[in-house]
Each structure stands twice: as C-alpha cells, then as structure tokens.
2 protein chains.
Amino acid sequence: MLSIGELSRRTGVKVPTIRYYEQMGLMAAAERSGGNQRRYGREDLERLAFIRHARDLGFEIERIRELIALSHHPKDACEGADRIALAHLADVREKIDKLKKLEHELERIVSHCSGHTVEDCYVIRALSDHGLCDHEH
Amino acid sequence: MLSIGELSRRTGVKVPTIRYYEQMGLMAAAERSGGNQRRYGREDLERLAFIRHARDLGFEIERIRELIALSHHPKDACEGADRIALAHLADVREKIDKLKKLEHELERIVSHCSGHTVEDCYVIRALSDHGLCDHEH
DNA sequence: GCTTGAACCTCTAGTTGCTAGAGCAATTAT
DNA sequence: ATAATTGCTCTAGCAACTAGAGGTTCAAGC
C-alpha cells in the first residue's frame with residue numbers, strides 16, 4: 001500500500017490535488033491506516049494516472065467523471081467516450097482559432113508602435129480607439 | 001450624465017461587471033446621484049471602452065491597471081506599454097502551441113477509435129495507458 | 001524506548017473574472 | 001399616484017486547484 005506522498009511521486013499529481021480529486025468523487029475514498037492516513041493500492045494508482053492523463057489533455061473534471069463511468073461498463077458502446085473526445089477536440093480547435101485572431105491583432109498593434117512617448121504609442125492608442133482595429137473581437 | 005445601465009448599453013459591459021471594475025480599482029469610484037446611484041461622464045465612458053477593449057484582447061486586469069497608469073503619463077516612454085503587449089503576445093503564442101499539441105494528440109486518439117465496446121475503445125485505452133502517446137504532455 | 005523531523009490530517013480561505021440572487025431603495029413612465 | 005424598471009449592497013458560486021493554520025502520525029536514529 002502506498003502513502004499519499006508515494007502516490008503523488010509516482011503519478012506527478014500533487015498531494016492536495018489527490019485529496020481534492022477524492023473530495024470531487026473522481027477518486028474513490030481511500031482506505032485508511034490505523035492512524036487515519038490514506039493508503040492506496042494498484043487500482044488507485046491506475047485510476048489516478050488515468051485522471052492525470054485526461055487532465056493533461058484538457059478534459060474537464062466532469063467529463064473525466066463520465067469517462068470513468070464509461071470505462072466501468074466494458075460491454076457498452078464506446079460511442080460515449082468518442083463523443084466526449086470529439087466535443088473536446090472541437091473545443092480545443094475553437095480556442096485555437098480565437099487565440100490566433102488575438103495573436104494577429106496583437107502583432108498588428110505591437111508592430112505599429114514606433115513612438116517613444118505614450119502620446120503616440122500605438123499600443124495605448126489602439127486600446128483607446130476601437131476604430132484602429134481590423135475587425136470586431 | 002449616464003446611469004450605469006446606459007453606460008452598460010453603450011460599452012457592451014454588463015452592469016455588475018462595471019461595478020466589479022470599480023471595486024477592483026480599474027474604474028474610478030463614480031459620482032453619485034442624490035439617491036446614491038452611479039452617474040458617469042464622457043471620461044468614464046472612454047475608460048470603460050479602453051478596459052473592454054483590452055479585456056477582449058485578453059489582457060489581465062492587473063495588466064490593464066498598469067496600462068491605465070501608463071496612459072496617464074503621456075510624457076513617459078511607451079516602453080512599458082510595449083513590454084506589456086509583447087509579453088501578452090508571447091503568452092498567447094505559448095497557449096496556441098500548447099493547444100495545437102493537444103489538438104494533434106486528440107486527433108490521433110479519436111481517429112484510432114474503431115472499436116465498438118469500451119474494451120477496445122482507443123479513447124479509453126489511450127487515457128489509461130500513457131504508452132500509447134506520441135510524446136509527453 | 002524516546003525523540004526528532006518529515007509527512008500526514010482537516011478545515012478554511014485565496015486565486016481569476018466575473019455572474020446570480022436576495023432584499024431593499026430610487027427613478028421613470030403612465 | 002402607482003407600477004415597472006432600474007438601481008443599490010452584500011453574499012455566494014463557478015473551475016480546478018493552491019496555500020496556510022494548527023494539530024497528529026509515522027519512520028528512523030540513538
């Protein structure tokens with residue numbers, strides 16, 4: 001059995017975060033030692049690795065909860081998991097698009113800044129005057 | 001003088017958000033009517049538009065506070081504003097890079113999912129087994 | 001067996017940028 | 001004059017943690 005610190009070291013998930021996941025119901029309530037400390041087995045390790053991996057990929061906790069539920073029904077169709085992953089992918093793409101627009105707008109603003117005082121600083125002026133923008137945002 | 005609702009309509013910033021900006025010190029504490037309601041002038045309108053614009057571009061409130069402070073010293077060099085904008089641009093680019101890596105990983109996972117049950121669902125398996133990943137994330 | 005220090009426990013509050021709601025006062029329109 | 005709308009303050013909630021206080025347990029060395 002692993003202590004919470006050991007589990008943390010092996011998964012790269014911080015100790016308070018593990019406790020947080022337990023509180024959120026992502027991790028099952030851990031077994032306890034005589035002195036009320038958490039003890040983890042191999043299954044816990046695997047589940048935490050799963051959670052960590054999914055978080056790294058940007059899945060929300062609620063989605064991870066759903067994915068865990070699905071993984072407990074191996075006979076069910078994997079449509080659910082697929083749908084969750086595709087929705088997330090769409091989400092990621094949307095964020096990329098928005099950030100790229102921001103990137104271009106910022107590039108434009110910064111590259112125009114040739115002044116040496118705030119009076120003719122394009123950064124400040126562009127922010128003050130929406131009319132200097134290319135498009136809505 | 002404008003009421004907070006009028007100001008909201010003209011800038012597209014919601015009423016509670018305007019009050020929030022005042023609380024955060026981004027907006028100066030507004031003048032009040034006899035009945036203690038906020039009243040705004042042209043300067044307030046301009047400042048709120050500036051804030052809105054900067055938020056739309058993704059600047060943090062703390063950065064906006066700095067930009068406002070800079071804009072009040074028109075004789076100072078605009079280096080500061082430039083630095084803030086460039087740092088933000090770098091930030092945005094970093095986020096884009098990270099999201100693109102996520103995008104590719106998710107695409108790979110989703111496209112491999114040919115199974116019909118969770119047992120051979122690549123989405124679930126990829127999340128369980130880090131070894132199925134291309135690279136760290 | 002005792003002591004020390006690290007790791008553990010629970011609980012509360014803070015982070016960011018708002019948003020929602022309760023309960024009441026002021027303003028505006030009819 | 002009255003009703004509808006808008007305004008006020010204050011508190012709490014969101015997501016996903018992180019930090020700290022104040023106290024307990026564990027493992028190792030002497």
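Chain letters run A, B, ... following the sequence lines, proteins first, then strands; residues in each count from 1.
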Output the rounded distance in Å from [atom1] ([X]) to [atom2] ([N]).
X: B:Arg63; N: C:dG17; atom1: CZ; atom2: C1'; value: 14 Å
X: B:Glu31; N: D:dC8; atom1: CD; atom2: P; value: 14 Å
X: A:Asn36; N: C:dA7; atom1: CG; atom2: P; value: 19 Å
X: B:Arg32; N: C:dA25; atom1: CZ; atom2: P; value: 16 Å
X: B:Gln37; N: D:dT9; atom1: CD; atom2: C1'; value: 13 Å
X: A:Arg39; N: C:dA7; atom1: CZ; atom2: P; value: 14 Å
X: A:Arg55; N: D:dA15; atom1: CZ; atom2: P; value: 11 Å
X: A:Lys95; N: D:dA15; atom1: NZ; atom2: C1'; value: 11 Å

Legend entry - A:Arg32, CZ: over 12 other non-hydrogen atoms inside 6.0 angstrom: yes
Inset, instruction - Give a yes or no on whether A:Glu6 atom CD has more than 12 heavy-atom contacts from other residues, nucleotides or ligands under 6.0 Å away. - result: yes
Inset, instruction - On DNA chain C, check which nucleotide each of B:Gly35 and B:Glu60 is closest to and give me the residue with the more 5' one. - result: B:Glu60
Inset, instruction - Could you check whether A:Glu62 gets within reach of a base, just the sugar-phosphate, or nothing at all, counting any heavy atom under 4.0 Å? - result: nothing
Legend entry - Under-4.0 Å salt bridge between B:Arg38 and B:Glu22: yes
Could you check whether any side-chain heavy atom of [X] comes within less than 4.5 Å of a side-chain heavy atom of [Y], counting everything from C-beta outward?
X: B:Met27; Y: B:Arg19; value: no
X: A:Ile4; Y: A:Gln37; value: no
X: B:Ser8; Y: B:Val13; value: no

Legend entry - Shortest non-hydrogen contact between A:Leu99 and B:Val92, atoms and distance: O-CG1, 3.5 Å
Under 4.0 Å between a side-chain N or O of [X] and OP1 or OP2 of [N]?
X: A:Arg38; N: C:dC8; result: no
X: B:Ser33; N: D:dG7; result: no
X: A:Ser3; N: D:dC26; result: no

Legend entry - Interface with DNA chain D, restricted to residues 4-29 of chain B and to heavy atoms under 4.0 Å: B:Ile4, B:Gly5, B:Arg19
